[in-house]
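The basis for the numbers below is simple: all heavy atoms, side chains too, and nothing from hydrogens, waters or symmetry mates. Every number for a ligand or one of its atoms is a count from 1 in the order of the listing.
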Amino acid sequence: MDDFSSRHAAVEERIAAACARAGRDRADVTLVGVSKTFPPEIAAEAIRDGVRVLGENRVQEALAKAPLCPSAEWHLIGPLQKNKVRHALSLFSAIHAVDALDTLEALARVQRETGARPDVLLEVNVAEEASKHGFTAASVRGAVRAALEEGEVRLVGLMTIPPWTPDPEASRPHFRALRRLRDSLEREFSIALPQLSMGMSGDFEVAIEEGATFVRVGTALFGRRNAAAWKPERSADSDSYF
Ligand SMILES: *Cc1c(COP(=O)(O)O)cnc(C)c1O
């Protein structure tokens, strides 16, 4: 087995074990392979090896890789700037990290024009770290209300990135807080928010135990990202990337 296949098999085994511990069905957890900074050929290898969904945090980087991975489903896991919404909606079937009301408005506007209907998740800064994006547990209520008022926006859940820690157990309270927040929003607004995007290479098993439906795994699948990251060629419509 080559490197990718063996890392993928190891990640799959860990996902299956976490699902078994939590009494969850493996089919309820989607592995989002985070291919950011890796070249399109590596992303294509992941798809050939059975990864179905690729996550990128930059719109232009994903658009540049997409032609080489025709069967991939793409998720935007990084922040979405208002001026990138149109490009983003031409590719991504899910937007994990909406963190501002004006982004919701821009999404609704472009969706009305183009008919695109991506799944949308709101990013919540559960630990209320000053350095992080996202709504607070309090302000996310206003965002849910705004999304419902826009009508167009298909809100499916919440996403979080807990504070960095080498100890996966330290992430557990944050994942649990996101799940409880989701439960209370479902009750308050009488809506279903089935998706919880939480867990990365260091803590995806704990996230699955706490209810994650999307785990965003980069390093454990693709290896370490390095400074010589792959970047799309500069072109007329990618110059805003640089
Ligand atoms: C890069 C990134 C990941 C993947 O992180 P790893 O620790 O390499 O698995 C997950 N989520 C987001 C939002 C990211 O930007």
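Of the listed options Val217, Ile161, Thr219, Val34, Thr219 places a heavy atom closest to atom 8 (O) of ligand 1. Closest heavy-atom approach to atom 2 (C) of ligand 1 within the set Met198, Arg216, Lys36: this belongs to Lys36.
Taking 4.0 Å as the cut-off, Arg225 counts as a neighbour of ligand 1 on heavy-atom distance.
Atoms of ligand 1 lying under 4.0 Å from at least one heavy atom of Asn57, given by number and element, are 15 (O). Of all atoms in ligand 1, numbered sequentially from 1 with element shown, those under 4.0 Å from a heavy atom of Ser201 are 6 (P), 7 (O), 8 (O), 9 (O).
Closest to atom 10 (C) of ligand 1 among all protein heavy atoms lies Met200 SD, 3.2 Å. Counting protein heavy atoms only, atom 12 (C) of ligand 1 is closest to Ile77 CD1, 3.5 Å.
Glu128 and Thr136 form no side-chain donor-acceptor contact under 3.5 Å, judged by distance and modelled atom types alone. Judged purely by distance below 3.5 Å, without hydrogens or angles, the side chains of Ser184 and Arg141 pair a donor atom with an acceptor atom.
Between the side chain of Arg182 and the backbone N or O of Leu193, at least one donor-acceptor pair lies under 3.5 Å.
With contacts defined as side-chain heavy-atom distances shorter than 4.5 Å, the pair Thr213/Thr30 does not qualify.
When each of Arg216, Lys65, Lys36 is paired with Glu56, the salt bridge (charged side-chain N to carboxylate O under 4.0 Å, His left out) condition holds for Lys65 and for no other.
Annotation for Glu113: atom CD counts as buried by contact number, over 12 foreign heavy atoms lying within 6.0 Å.
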